[in-house]
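Here is the structure we will look at.
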Amino acid sequence: MTKVYTFNDFGGPERQELIDAEIVDPGPGELAIEVRAAGVNPVDWKIRQGLLGKHGPLPMPMGREASGVVTAVGQGVTGFAVGDEVLGLVAPGHGAFAERTVLAADQTVAKPQEISFDDAATLPVAGATAYDLTHQVELKEGQTMVVVGAGGGIGRMAAQIGKVHKFDVVGVASAGKRELVESLGVKFVESGDGVAERLRQLLPDGADLVVDLAGGEALRAAAPIAKEPALVITAADVDTAREVGARVVERTSEGLAKITGVVQYGVVDPTVTARYPLAEAGAAIAEVEGGHAAGKVVVIP
Ligand SMILES: NC(=O)c1ccc[n+]([C@@H]2O[C@H](COP(=O)([O-])OP(=O)(O)OC[C@H]3O[C@@H](n4cnc5c(N)ncnc54)[C@H](OP(=O)(O)O)[C@@H]3O)[C@@H](O)[C@H]2O)c1
């Protein structure tokens, strides 16, 4: 048996529970792992709330990204062996907040020695999204990138990628995250009322790229600073993107391997700020569900 954190119906956090489940063999194209760490993402509570549709068998395991050690290799999988240290996205029907889980082999990569299991667990969803967001529009050295939500899981990595490319990076975040943002060498702009004016004051000629991780009013306020609407890319809010003429992030198959390489060389730090044991996965999810997480939250079985 293995412990798995699940929700037993679509709805609020009261639907979440830690259960004992059978250990299953990996199917074709899958890898079974003993989990070492799992990243928490907004999508975890969005799925539980039914915001992405109310389908799939219940109880539904929670958590999308994990690192761990391979315990079994499914049919047709090449390039992985039992004992390998890996990081990847969970296979359909499986969850990362568990002692053991199953990954999709085509969305899994070897974990470099230089990356801790905790950091590795933040790359399949958050890290790869940060990579894709910052590579959808090609900027040159010295061009300006605004990151809305720069203190969060994806935003902090996106801002660091911008610095690696020598972009002039401006991070929008709440006042409490000033230090977290400025420690990256990023210019800080406080979010909330008046943010559009503060951005305009700092960037009178506008921005070459706006990367948005907050959506809604924050996206509406920041979008006009871009030199044109197509230079605004959001991961957070499809409807507001349509309203302001922004683009939605296009996920790629190479983002995971690329961000893993970048983190391996030590130039981007996923910045794990909170670790919760599996029995307290609910508190970890609540921290992210609050909408103001700093860096990445991970669950450790
Ligand atoms: N499409 C995809 O493939 C994909 C993949 C992964 C994630 N996502 C989405 O991307 C979004 C961000 O994910 P994440 O993991 O980075 O979430 P996160 O770690 O919760 O970070 C979100 C950040 O936004 C900031 N924020 C909230 N309201 C803001 C405002 N008005 N102005 C500026 N910043 C504000 C929050 O902190 P402060 O307000 O305290 O500064 C927080 O740091 C989520 O909606 C998630 O579902 C999409």
Side-chain angles (χ1 to χ4, degrees), residues 38-49 51-52 62-65 89-90 96 107 121-136 146-161 170-182 184 186 188-199 210-223 225 232-242 246-253 255-256 259 268 270-274 284-299:
V40 184
N41 291 285
V43 73
D44 301 325
W45 64 262
K46 291 180 184 179
I47 293 172
R48 189 206 66 223
Q49 288 281 8
L51 299 178
L52 306 184
M62 298 186 76
R64 310 295 309 147
E65 57 181 357
L89 281 184
V90 295
Q107 293 170 85
T122 71
L123 301 182
V125 173
T129 305
Y131 186 90
D132 289 341
L133 269 169
T134 48
H135 289 80
Q136 198 163 322
V146 174
V147 180
V148 181
I154 297 172
R156 206 175 141 79
M157 283 195 258
Q160 291 178 77
I161 293 168
V170 175
V172 179
S174 55
K177 294 200 172 79
R178 175 184 280 272
E179 210 174 304
L180 198 63
V181 171
E182 288 183 341
L184 302 173
V186 166
F188 173 82
V189 169
E190 188 175 335
S191 55
D193 280 353
V195 67
E197 293 72 27
R198 287 191 286 282
L199 280 170
V210 174
V211 164
D212 168 64
L213 289 320
E217 202 41 56
L219 170 56
R220 245 176 243 119
I225 200 68
V232 182
I233 306 176
T234 182
D237 186 345
V238 175
D239 293 339
T240 308
R242 207 169 286 135
R247 294 155 70 176
V248 174
V249 62
E250 285 163 22
R251 302 304 313 280
T252 68
S253 53
L256 177 57
I259 190 68
V268 168
T271 322
V272 173
T273 54
I285 296 163
E287 183 168 338
V288 173
E289 192 164 357
H292 297 284
K296 283 295 298 180
V297 176
V298 298
V299 170

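In listed order, ligands and their atoms are each counted from 1. The first residue of the sequence shown is numbered 1, and numbering continues consecutively from there. Remember, predicted model here, so these are calculated numbers, not experimental data.
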What's the shortest heavy-atom distance between [X] and [Y], and which atoms?
| X | Y | result |
| --- | --- | --- |
| V299 | A284 | CG2-CB, 3.7 Å |
| K296 | V40 | NZ-O, 2.9 Å |
| L180 | G295 | CD2-N, 4.3 Å |

Short N or O distance, [X] and ligand 1, threshold 3.5 Å exclusive:
| X | result |
| --- | --- |
| G295 | no |
| V288 | no |
| T129 | no |
| A218 | no |
| V125 | no |

Interfacing atoms of ligand 1 (cut-off 4.0 Å, heavy-atom, [X]):
| X | answer |
| --- | --- |
| G151 | 43 (O) |
| L213 | 11 (C), 12 (C) |
| V249 | 1 (N) |
| A236 | 11 (C), 45 (O) |
| V148 | 33 (C) |
| A173 | 41 (O) |

Quick check: do [X] and [Y] have side-chain heavy atoms less than 4.5 Å from each other?
| X | Y | answer |
| --- | --- | --- |
| T271 | Q160 | yes |
| M157 | L123 | yes |
| I154 | V211 | no |

Using a 4.0 Å heavy-atom cut-off, say whether [X] meets ligand 1 through its side chain, its backbone, both or neither.
| X | result |
| --- | --- |
| R251 | side chain |
| H292 | both |
| A235 | both |
| A214 | side chain |

Which residue supplies the protein heavy atom nearest to [atom], what is that atom called, and how far is it?
| atom | answer |
| --- | --- |
| atom 41 (O) of ligand 1 | S174 N, 2.9 Å |
| atom 36 (C) of ligand 1 | G291 O, 3.2 Å |
| atom 33 (C) of ligand 1 | S191 CB, 3.6 Å |
| atom 37 (O) of ligand 1 | K177 NZ, 3.1 Å |
| atom 15 (O) of ligand 1 | P42 CD, 3.3 Å |
| atom 18 (P) of ligand 1 | G153 N, 3.9 Å |
| atom 21 (O) of ligand 1 | G152 CA, 3.4 Å |
| atom 47 (O) of ligand 1 | K46 NZ, 2.8 Å |

Open item on the list: For atom 42 (C) of ligand 1, tell me which residue out of A294, G171, G149, A293 has the closest non-hydrogen atom.
Closed with: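 Among A294, G171, G149, A293, the closest heavy atom to atom 42 (C) of ligand 1 comes from A293.
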Judged by heavy atoms only, the candidate from N41, V297, I154 nearest atom 6 (C) of ligand 1 is I154
For the pair [X] (side chain) and [Y] (backbone), establish whether a donor and an acceptor sit closer than 3.5 Å, ignoring hydrogens and angles.
| X | Y | value |
| --- | --- | --- |
| R48 | M62 | no |
| E250 | Q136 | no |
| E65 | A126 | yes |
| R64 | G39 | no |
| N41 | D44 | no |

**OP:** Run the numbers on R220 and E217 for side-chain contact (heavy atoms from CB on, under 4.5 Å), then give the verdict.
**Re:** CA-CA 5 Å; R220 245 176 243 119; E217 202 41 56; 2.9 Å; yes
Inset, instruction - Would you please determine whether K296 falls within less than 4.0 Å of ligand 1 on a heavy-atom basis? - result: no
Does ligand 1 have any atom that is closer than 4.0 Å to a heavy atom of A126? no
Requested in this report: Could you point out which residue of T234, V147, V232 forms a side-chain contact (heavy atoms from CB on, under 4.5 Å) with V210?
Outcome: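 When side-chain contact (heavy atoms from CB on, under 4.5 Å) is applied between V210 and each of T234, V147, V232, only V232 qualifies.
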ask   = Hey, mind stepping through W45 and L51 against side-chain contact (heavy atoms from CB on, under 4.5 Å) and telling me if it holds?
value = CA-CA 9 Å; W45 64 262; L51 299 178; 3.9 Å; yes
| task | In sequence, state the C-alpha distance, the side-chain angles, and the governing distance for T129 and R251, and then conclude on side-chain contact (heavy atoms from CB on, under 4.5 Å). | result | CA-CA 7 Å; T129 305; R251 302 304 313 280; 3.0 Å; yes
For this session: For L213 and L133, run side-chain contact (heavy atoms from CB on, under 4.5 Å): C-alpha distance rounded to whole Å, both residues' side-chain angles, the deciding distance at 0.1 Å, then the answer.
Result: CA-CA 10 Å; L213 289 320; L133 269 169; 3.6 Å; yes
